[in-house]
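Reading through the C-alpha coordinates given below for one structure.
Throughout, residue positions are numbered sequentially from 1 according to the sequence presented. Any value given below was found using the heavy atoms of this structure, including those in side chains, with hydrogens, waters and symmetry copies removed.
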Amino acid sequence: MLDYLSIHAQKAYREIINITEHPDLLFSNDPALLASEYAYNSTYLFGFNRLIRKNRLTTPILAASLNGLMDGIESYLRRYYTAKAFVITVSADPLVPAFKLSVVSYYEERHQLDGLVSLEEVVEWYRANACWDGIKIVSEEKPINGIFCEDTEEAKTEIIYPRHCRVL
(Lines give C-alpha, C1' and ligand atoms only; values in the text may rest on other atoms or scores of the structure.)
Protein backbone atom coordinates (compact mmCIF):
# COMPACT_ATOMS: atom_id res chain seq x y z
CA MET A 1 0.00 0.00 0.00
CA LEU A 2 2.82 2.39 0.80
CA ASP A 3 4.27 1.80 -2.67
CA TYR A 4 1.02 2.98 -4.25
CA LEU A 5 0.93 6.07 -2.01
CA SER A 6 4.59 6.90 -2.68
CA ILE A 7 3.77 7.14 -6.39
CA HIS A 8 0.27 8.64 -6.41
CA ALA A 9 -0.09 10.47 -3.08
CA GLN A 10 3.23 11.83 -1.88
CA LYS A 11 1.69 14.13 0.73
CA ALA A 12 -0.29 11.31 2.33
CA TYR A 13 2.76 9.04 2.09
CA ARG A 14 4.94 11.57 3.94
CA GLU A 15 2.27 12.02 6.64
CA ILE A 16 2.00 8.26 7.21
CA ILE A 17 5.76 7.71 7.24
CA ASN A 18 6.24 10.61 9.65
CA ILE A 19 3.61 9.28 12.06
CA THR A 20 4.73 5.64 11.95
CA GLU A 21 8.50 6.19 12.03
CA HIS A 22 8.62 9.18 14.40
CA PRO A 23 5.50 9.08 16.56
CA ASP A 24 5.16 11.93 19.02
CA LEU A 25 3.01 10.28 21.68
CA LEU A 26 2.69 11.00 25.38
CA PHE A 27 0.82 8.74 27.82
CA SER A 28 -0.15 8.85 31.48
CA ASN A 29 -1.02 6.19 34.02
CA ASP A 30 -3.75 8.40 35.49
CA PRO A 31 -7.24 7.85 34.02
CA ALA A 32 -8.15 11.40 34.99
CA LEU A 33 -5.68 12.67 32.39
CA LEU A 34 -7.35 10.88 29.49
CA ALA A 35 -8.63 14.15 27.98
CA SER A 36 -5.10 15.56 28.02
CA GLU A 37 -3.79 12.42 26.33
CA TYR A 38 -6.45 12.77 23.65
CA ALA A 39 -5.60 16.41 23.04
CA TYR A 40 -1.87 15.71 22.76
CA ASN A 41 -2.00 12.44 20.83
CA SER A 42 -4.46 13.55 18.13
CA THR A 43 -3.43 14.53 14.63
CA TYR A 44 -5.21 15.43 11.42
CA LEU A 45 -4.41 13.74 8.11
CA PHE A 46 -4.83 16.16 5.21
CA GLY A 47 -2.80 14.30 2.58
CA PHE A 48 -5.70 12.37 1.07
CA ASN A 49 -8.01 15.34 0.50
CA ARG A 50 -7.06 16.34 -3.04
CA LEU A 51 -7.19 12.73 -4.24
CA ILE A 52 -10.55 12.07 -2.57
CA ARG A 53 -12.04 15.29 -3.90
CA LYS A 54 -11.00 14.46 -7.48
CA ASN A 55 -12.03 10.76 -7.13
CA ARG A 56 -8.50 9.50 -7.75
CA LEU A 57 -8.39 7.31 -4.65
CA THR A 58 -10.88 4.48 -4.16
CA THR A 59 -12.46 3.64 -0.84
CA PRO A 60 -10.70 0.25 -0.44
CA ILE A 61 -7.26 1.80 -1.11
CA LEU A 62 -7.90 4.63 1.34
CA ALA A 63 -9.24 2.24 4.00
CA ALA A 64 -6.22 -0.02 3.50
CA SER A 65 -3.91 3.00 3.86
CA LEU A 66 -5.54 4.03 7.13
CA ASN A 67 -5.44 0.43 8.32
CA GLY A 68 -1.71 0.30 7.48
CA LEU A 69 -1.19 3.47 9.49
CA MET A 70 -2.95 1.88 12.45
CA ASP A 71 -0.81 -1.26 12.04
CA GLY A 72 2.37 0.86 12.13
CA ILE A 73 1.28 2.63 15.30
CA GLU A 74 0.27 -0.70 16.83
CA SER A 75 3.70 -2.24 16.18
CA TYR A 76 5.40 0.81 17.73
CA LEU A 77 3.18 0.65 20.83
CA ARG A 78 3.64 -3.11 21.26
CA ARG A 79 7.41 -2.69 21.03
CA TYR A 80 7.78 0.10 23.62
CA TYR A 81 4.68 -0.22 25.84
CA THR A 82 4.27 -3.95 26.47
CA ALA A 83 2.13 -3.83 29.61
CA LYS A 84 -0.26 -1.05 28.62
CA ALA A 85 -3.51 -1.13 26.63
CA PHE A 86 -4.39 1.52 24.04
CA VAL A 87 -7.20 2.65 21.77
CA ILE A 88 -6.40 3.90 18.27
CA THR A 89 -9.27 5.88 16.75
CA VAL A 90 -9.74 7.10 13.19
CA SER A 91 -12.64 9.46 12.62
CA ALA A 92 -13.70 11.77 9.82
CA ASP A 93 -14.07 15.47 10.52
CA PRO A 94 -15.92 17.01 7.56
CA LEU A 95 -15.63 20.59 8.81
CA VAL A 96 -11.82 20.65 8.75
CA PRO A 97 -11.90 18.50 6.32
CA ALA A 98 -9.50 15.77 7.37
CA PHE A 99 -9.26 12.39 8.99
CA LYS A 100 -8.45 12.56 12.69
CA LEU A 101 -6.18 9.97 14.25
CA SER A 102 -5.91 9.66 18.03
CA VAL A 103 -4.13 7.27 20.37
CA VAL A 104 -5.00 7.12 24.08
CA SER A 105 -4.57 4.74 26.98
CA TYR A 106 -7.37 2.23 27.33
CA TYR A 107 -9.35 2.14 30.56
CA GLU A 108 -12.32 -0.18 30.24
CA GLU A 109 -14.49 1.82 32.62
CA ARG A 110 -13.83 5.11 30.78
CA HIS A 111 -14.28 4.10 27.15
CA GLN A 112 -17.54 3.69 25.31
CA LEU A 113 -16.88 1.53 22.29
CA ASP A 114 -20.44 1.39 21.02
CA GLY A 115 -21.52 2.96 17.75
CA LEU A 116 -18.30 2.08 15.94
CA VAL A 117 -18.19 1.53 12.19
CA SER A 118 -15.72 0.00 9.75
CA LEU A 119 -12.99 2.06 8.10
CA GLU A 120 -14.78 1.77 4.76
CA GLU A 121 -17.91 3.33 6.27
CA VAL A 122 -15.85 6.18 7.77
CA VAL A 123 -14.26 6.84 4.38
CA GLU A 124 -17.58 6.74 2.51
CA TRP A 125 -19.21 9.06 5.04
CA TYR A 126 -16.28 11.48 4.80
CA ARG A 127 -16.40 11.42 1.01
CA ALA A 128 -20.10 12.32 1.05
CA ASN A 129 -20.06 14.93 3.85
CA ALA A 130 -16.72 16.77 3.70
CA CYS A 131 -16.98 20.54 3.32
CA TRP A 132 -14.59 20.86 0.40
CA ASP A 133 -15.57 24.45 -0.36
CA GLY A 134 -15.67 25.65 3.25
CA ILE A 135 -18.54 26.25 5.61
CA LYS A 136 -21.35 28.57 4.62
CA ILE A 137 -21.82 31.14 7.37
CA VAL A 138 -25.37 32.33 7.79
CA SER A 139 -25.96 35.76 9.26
CA GLU A 140 -28.57 36.11 12.01
CA GLU A 141 -30.00 39.21 10.32
CA LYS A 142 -30.72 37.35 7.07
CA PRO A 143 -33.19 34.51 7.51
CA ILE A 144 -33.09 31.48 5.22
CA ASN A 145 -36.53 30.97 3.70
CA GLY A 146 -37.98 33.19 6.40
CA ILE A 147 -36.46 31.15 9.26
CA PHE A 148 -33.58 32.31 11.43
CA CYS A 149 -30.69 29.89 11.85
CA GLU A 150 -31.27 29.27 15.59
CA ASP A 151 -34.88 28.30 14.92
CA THR A 152 -34.05 25.38 12.67
CA GLU A 153 -33.95 21.88 14.08
CA GLU A 154 -30.59 21.28 12.35
CA ALA A 155 -28.94 24.00 14.44
CA LYS A 156 -30.05 22.32 17.65
CA THR A 157 -28.97 18.75 16.92
CA GLU A 158 -25.55 17.43 17.84
CA ILE A 159 -23.60 15.90 14.97
CA ILE A 160 -21.63 12.80 15.85
CA TYR A 161 -19.01 11.80 13.32
CA PRO A 162 -18.44 8.13 12.53
CA ARG A 163 -15.34 6.58 14.03
CA HIS A 164 -13.38 3.36 13.86
CA CYS A 165 -11.48 2.12 16.92
CA ARG A 166 -8.93 -0.57 17.53
CA VAL A 167 -8.18 -1.71 21.09
CA LEU A 168 -4.65 -3.00 21.65
Side-chain angles (χ1 to χ4, degrees), residues 1-6 9-52 57 59-132 135 155-168:
M1 189 51 52
L2 287 177
D3 295 334
Y4 179 84
L5 291 178
S6 68
Q10 289 86 22
K11 185 176 180 183
Y13 175 76
R14 286 189 305 269
E15 283 181 343
I16 289 175
I17 291 299
N18 188 33
I19 291 170
T20 55
E21 291 182 359
H22 309 290
D24 185 18
L25 303 171
L26 184 64
F27 301 107
S28 170
N29 289 327
D30 186 2
L33 296 175
L34 198 58
S36 298
E37 269 188 39
Y38 181 79
Y40 188 82
N41 295 336
S42 294
T43 187
Y44 284 100
L45 303 169
F46 298 100
F48 298 108
N49 283 349
R50 191 180 88 235
L51 297 170
I52 294 171
L57 198 60
T59 299
I61 290 174
L62 183 53
S65 300
L66 293 172
N67 200 20
L69 173 61
M70 293 173 75
D71 289 342
I73 292 172
E74 180 179 353
S75 67
Y76 169 81
L77 294 173
R78 291 202 187 272
R79 186 174 349 141
Y80 294 107
Y81 300 96
T82 56
K84 193 166 179 70
F86 298 97
V87 176
I88 302 173
T89 305
V90 174
S91 61
D93 191 342
L95 301 178
V96 172
F99 288 100
K100 186 173 187 177
L101 173 78
S102 62
V103 182
V104 294
S105 301
Y106 178 65
Y107 300 103
E108 192 170 341
E109 66 277 357
R110 294 218 176 225
H111 282 88
Q112 293 179 341
L113 298 177
D114 53 340
L116 301 178
V117 298
S118 69
L119 274 175
E120 289 81 10
E121 291 178 73
V122 172
V123 170
E124 283 299 321
W125 186 89
Y126 178 70
R127 209 181 269 274
N129 294 303
C131 297
W132 302 116
I135 302 168
K156 296 176 184 174
T157 59
E158 181 181 335
I159 299 173
I160 299 173
Y161 305 133
R163 63 190 174 107
H164 174 79
C165 290
R166 184 186 296 180
V167 178
L168 310 178

State whether the side chain of [X] and the backbone N or O of [Y] hold a donor-acceptor pair below 3.5 Å, judged by distance alone.
X    : Y    : answer
N49  : A98  : no
H164 : V117 : yes
S42  : A39  : no
N129 : P94  : no

About how many Å separate [atom2] of [Y] and [atom1] of [X], when rounded to the nearest 0.5 Å?
X   : Y   : atom1 : atom2 : value
L25 : L77 : CG    : CG    : 6.0 Å
L62 : L45 : CG    : CG    : 9.5 Å
F48 : E15 : CZ    : CD    : 7.5 Å
L51 : I61 : CG    : CD1   : 10.0 Å

Go through the structure and list residues passing side chain to side chain donor-acceptor pair (under 3.5 Å) with Y40, not counting sequence neighbours.
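Testing Y40 for side chain to side chain donor-acceptor pair (under 3.5 Å), a comparison that skips the adjacent residues, returns D24.
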Any residue meeting side chain to side chain donor-acceptor pair (under 3.5 Å) with K84, in chain and number order, not counting sequence neighbours
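In terms of side chain to side chain donor-acceptor pair (under 3.5 Å), with neighbours along the sequence ignored, K84 is linked to N29, S105.
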How would you list, by chain and number, every residue that makes a side chain to side chain contact (heavy atoms under 4.5 Å, CB included) with S91, sequence neighbours excluded?
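Side chain to side chain contact (heavy atoms under 4.5 Å, CB included) check on S91 returns K100, R163.
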Would you please name every residue forming a side chain to side chain contact (heavy atoms under 4.5 Å, CB included) with L33, sequence neighbours left out?
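In terms of side chain to side chain contact (heavy atoms under 4.5 Å, CB included), with neighbours along the sequence ignored, L33 is linked to S28, D30, S36.
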Under the salt bridge (charged side-chain N to carboxylate O under 4.0 Å, His left out) rule, what pairs show up with a residue in residues 118-130, not counting sequence neighbours?
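Qualifying pairs, neighbours excluded: none.
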Could you tell me which residues satisfy ring pair (Phe, Tyr, Trp, His ring centres under 6.0 Å) with F86, sequence neighbours excluded, listed by chain and number?
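Residues passing ring pair (Phe, Tyr, Trp, His ring centres under 6.0 Å) with F86: F27, Y81.
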With F99, which residues qualify under ring pair (Phe, Tyr, Trp, His ring centres under 6.0 Å), at least two apart?
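Here the qualifying residues are Y126.
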Not counting sequence neighbours, which residues clear salt bridge (Lys or Arg N to Asp or Glu O under 4.0 Å) with E74? List them please.
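So E74 forms a salt bridge (Lys or Arg N to Asp or Glu O under 4.0 Å) with R78, R166.
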For a quick test of reading the model, state the closest non-hydrogen atom pair linking [X] to [Y] and the distance between them.
X    : Y    : answer
V103 : N41  : O-CB, 3.0 Å
L119 : A63  : CD1-O, 3.7 Å
S65  : I16  : O-CD1, 4.1 Å
A92  : W125 : O-CZ3, 3.8 Å
C131 : L95  : SG-CD2, 3.8 Å

Set out, in order, the CA-CA distance, both residues' side-chain angles and the distance that settles side-chain contact (heavy atoms from CB on, under 4.5 Å) for Y44 and L101, then state yes or no.
CA-CA 6 Å; Y44 284 100; L101 173 78; over 6 Å; no
